[in-house]
Amino acid sequence: MTVRTRFAPSPTGYLHIGGLRTALYAYLFAKKNGGVFILRIEDTDQARYVEGAIEKIYSGLKLAGLNWDEGPDIGGDYGPYVQSERKDMYLPYAKQLVESGHAYYCFCTKDELEARRAEVEARGETFKYDKHCLHLDKDEVQRKLAEGHPYVIRQNIPESGEAGFDDVIYGRIDVDCSELDDTVLIKADGMPTYNFANVIDDHTMGITHVMRGNEYLSSTPKYNLLYEAFGWEKPVYIHLTPVMKDATRKLSKRYGDPGFEDLLAQGYLAEAIVNYVALVGWSPGDDREFFTMDELIEAFGIEGLSKSPAIFDEVKLRWMNAEYIRKLSPEDYIRHAEPHLAEADVAHMDKAILARILQPRTEIFTDITGMVDFLAKLDEDYSIDLFTNKKSKTNAEVCRDVLADVIPKLGALPDWTEECLHDFLIGYAAEHGMKNGTLLWPVRIAMSGRSVTPGGAIEIAALLGRDEAMRRLNFGLEKLSFSLV
RNA sequence: GGCCCCUUGGUCAAGCGGUCUAAGACACCGCCCUUUCACGGCGGUAACAGGAGUUCGAGUCUCCUAGGGGUCACCA
């Protein structure tokens, strides 16, 4: 039998990290088993529909490399793949359940229920629908339907006995039927609820393995009751733990946690995010941490899925992203870095040097601007304390003397290339019996106005070009001389 | 609150009754490399939530407690 999994988001916003991971696992499981991965849109709640959300789901999944085999945009043999377009399919199934006594019409209005709920909760008890409409006699139901009273269809849950299911990760889970409420299957607007639609759709679409967040753990017994009422074969259930922000909070948009595309915009690589997210709640069972999508497919297995929630660690994601960035070719690195170099106004400088000094230092691409903006413009207010460095044996006075002596010689250099600068400066230090640092420290500080820079004096000088480098050196010397008077 | 689920270092995690004086990674700390910072190399600190059982033997099985999560909608 062909494995068929699905990712079934509702179009209420962007693709969040938890959703990405659920989709990833469903995709990996399908591909691992030579199966089919399906995208289905669950939009039965028109009130929550967000414009453009479906497009964000499409683009997010594509960017992540999760290509679906069947879905709203590409079709398939089990379409349509949008629940609102399947609206007419659900009512007949619900009526079938009414016929068999597994469901019933309910005419209680929202207001009535609200009032009863408030009353019960005021007593500190949990509200549960009292099956009031189950006891309506047939004629009365027919009369109300004929009169056009609004109605919902509710699942008729047995008053006693047990309901349960087997989950691959959690094992057998049983619950007393008395704990279960008579869930609404068909809403007054004719739309099915999620609870009903997911069962009908999973069955009619031939889904073999249901992977979803474990917030559905407690309602799954009810779904199983539905499968039994229809006499359908049940899917294999695989409930996934949530991705957490910290020990007590789920990662969520409401608290401003970034979604997949936010992370991309922050300068994370899609491959790195996918790789990291795969490892949040799943382990290959060995030491490997770096995976291409194909390697993930090869390594994936439900045995490696975790039972307990996992905290999303952005620090580790940063590290992994940096690893991915370092593996980029210089050309690919520059391609990704380009917009940020432009933002810092240094895009006209030597790309090879920029790539060489920046690539090992970039954790996320948005770091770049802050690392190189000094190249475009020197902050002339830098403190002369920067010239003091113990390890390089420098202080303001030493730096003034060094600069005073070396500047004219730099100015007389025949070429202003890295090689030329390197040979001259290193040779100069050796000649004068000083540490490289004693010479290079003041040069770098004067050219950057920063204590920390990507690259050293030589690379910075080459990037700035002779004129600007000389200007900054002279400015630094003046600044030192002035303060030492 | 009822019901269900979870619990190995700060974080992700390996571990499926003996090989656990508990792996690996991130983070952190130290050292080395070095013209700053990174990169790279080497090393270090750090965990089986607590308590009862079962067993010759428990991180691994059972129960209880504690903590955390989920769910109790005409939302998904």
Side-chain angles (χ1 to χ4, degrees), chain A residues 8-10 12 42-45 47-48 106 108-110 113-114 117 124-128 150-154 167 169-171 173-176 178-181 183-189 191-195 197-198 212-221 239 241-242 244 246-250 276 279-289 303-304 306-313 315-320 322 326 357-363 371 386 389 391-392 425-426 429 435-445 448 450-460:
Chain A
S10 51
T12 53
E42 309 219 328
D43 61 344
T44 55
D45 185 6
R48 290 215 307 166
C106 172
C108 297
T109 66
K110 262 186 180 173
L113 292 169
E114 209 68 25
R117 187 187 314 278
E125 292 167 25
T126 308
F127 177 78
K128 199 181 147 195
Y151 67 89
V152 302
I153 296 180
R154 283 180 186 273
D167 183 274
I169 298 179
Y170 293 100
I173 293 176
D174 282 308
V175 69
D176 207 298
S178 61
E179 297 291 335
L180 272 22
D181 204 0
T183 322
V184 170
L185 267 21
I186 300 289
K187 302 187 252 189
D189 64 4
M191 276 287 199
T193 58
Y194 165 84
N195 302 296
N198 97 76
R212 53 158 65 131
N214 73 2
E215 64 264 31
Y216 298 108
L217 221 38
S218 47
S219 37
T220 302
H239 285 95
T241 56
M244 309 292 284
D246 54 44
T248 59
R249 265 182 33 191
K250 234 166 136 166
Y276 175 69
L279 263 12
V280 177
W282 172 77
S283 162
D286 56 36
D287 283 355
R288 287 179 294 166
E289 288 200 293
E303 323 77 53
S306 174
K307 276 181 156 181
S308 46
I311 296 173
F312 182 83
D313 184 0
V315 173
K316 183 150 187 178
L317 204 212
R318 277 188 82 101
W319 164 79
M320 183 163 273
R326 280 174 214 130
I357 66 173
L358 254 15
Q359 192 165 359
R361 277 166 255 252
T362 308
E363 290 193 315
M371 285 196 286
L386 292 182
N389 179 264
K391 241 184 93 185
S392 299
L425 287 166
I426 300 302
K435 295 182 66 164
N436 287 339
T438 311
L439 170 65
L440 295 168
W441 183 275
V443 173
R444 188 179 64 86
I445 297 299
S448 67
R450 293 241 180 117
S451 62
V452 172
T453 57
I458 295 162
E459 291 92 341
I460 294 171

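Order of the sequence lines sets the chain letters (A, B, ...), proteins ahead of strands, with each chain counted from 1. What you see below is based on every heavy atom in this structure, not just the backbone, and it leaves out hydrogens, waters and symmetry mates.
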Protein-nucleotides 43-46 of chain B N/O pairs under 3.5 Å:
none

Between A/L113 and A/W441, name the one whose nearest nucleotide on RNA chain B is closer to the 5' end. A/W441
Please list, chain by chain and in numerical order, all residues satisfying side-chain contact (heavy atoms from CB on, under 4.5 Å) with A/P242, sequence neighbours excluded. A/N214, A/M244, A/K250, A/P309
Which residues share a side chain to side chain donor-acceptor pair (under 3.5 Å) with A/R249, sequence neighbours left out: none
Who does B/rA25 pair with, Watson-Crick or G-U, both distances under 3.5 Å? B/rU11
Tell whether A/R444 reaches the base of B/rU35 with its side chain through a donor-acceptor pair below 3.5 angstrom. no
Grab the N/O contacts between the protein and nucleotides 63-73 of chain B below 3.5 Å, and write none if there aren't any.
| residue | atom | partner | partner atom | Å |
| --- | --- | --- | --- | --- |
| B/rG68 | O2' | A/A247 | O | 3.3 |
| B/rG69 | OP1 | A/T248 | O | 3.1 |
| B/rU71 | O4' | A/S218 | OG | 3.1 |
| B/rU71 | O2' | A/S218 | OG | 3.4 |
| B/rA73 | OP2 | A/R117 | NH1 | 2.5 |

What distance, rounded to whole Å, do you find between the two C1' atoms, one in B/rA27 and one in B/rG69? 25 Å
Contacts of A/Y216 meeting ring pair (Phe, Tyr, Trp, His ring centres under 6.0 Å) (sequence neighbours excluded), chain-then-number -> A/Y194
By side chain to side chain donor-acceptor pair (under 3.5 Å) - contacts of A/D174 (at least two apart): A/R172
Relative to the 5' end of RNA chain B, which residue comes earlier, A/D286 or A/A310, by the nucleotide with the nearest heavy atom? A/A310
How far, in whole Å, is B/rC26 from B/rA14 if one measures between their C1' atoms? 15 Å
Between B/rA46 and B/rG30 - C1' atom distance, rounded Å: 15 Å
Strand partner of B/rC42, provided both Watson-Crick or wobble distances fall under 3.5 Å: B/rG30
Do the side-chain N or O atoms of A/K391 get closer than 4.0 angstrom to the phosphate oxygens (OP1, OP2) of B/rU35? no
Would you say the side-chain atoms of A/W441 pair up with the backbone N or O of A/A457, donor to acceptor, closer than 3.5 Å? no
With sequence neighbours excluded, what pairs up with A/R450 under the side chain to side chain donor-acceptor pair (under 3.5 Å) test? A/D373
What's the gap between B/rC39 and B/rA22 when it is taken at their P atoms, as a whole Å value? 29 Å
Would you tell me if any nitrogen or oxygen in the side chain of A/S448 comes within less than 4.0 Å of OP1 or OP2 on B/rU36? no
From B/rU36, B/rA76, B/rA23, nucleotide with atom closest to A/E42 side chain: B/rA76
Can a side chain N or O of A/K307 be found less than 4.0 Å away from OP1 or OP2 on B/rC16? no
For A/L113, which residues count as a side-chain contact (heavy atoms from CB on, under 4.5 Å) partner, sequence neighbours excluded? A/C108, A/R116, A/F127, A/Y129, A/R154
Tell me every residue that passes side chain to side chain donor-acceptor pair (under 3.5 Å) with A/K316, counting only those two or more places apart in sequence or in another chain. A/E289
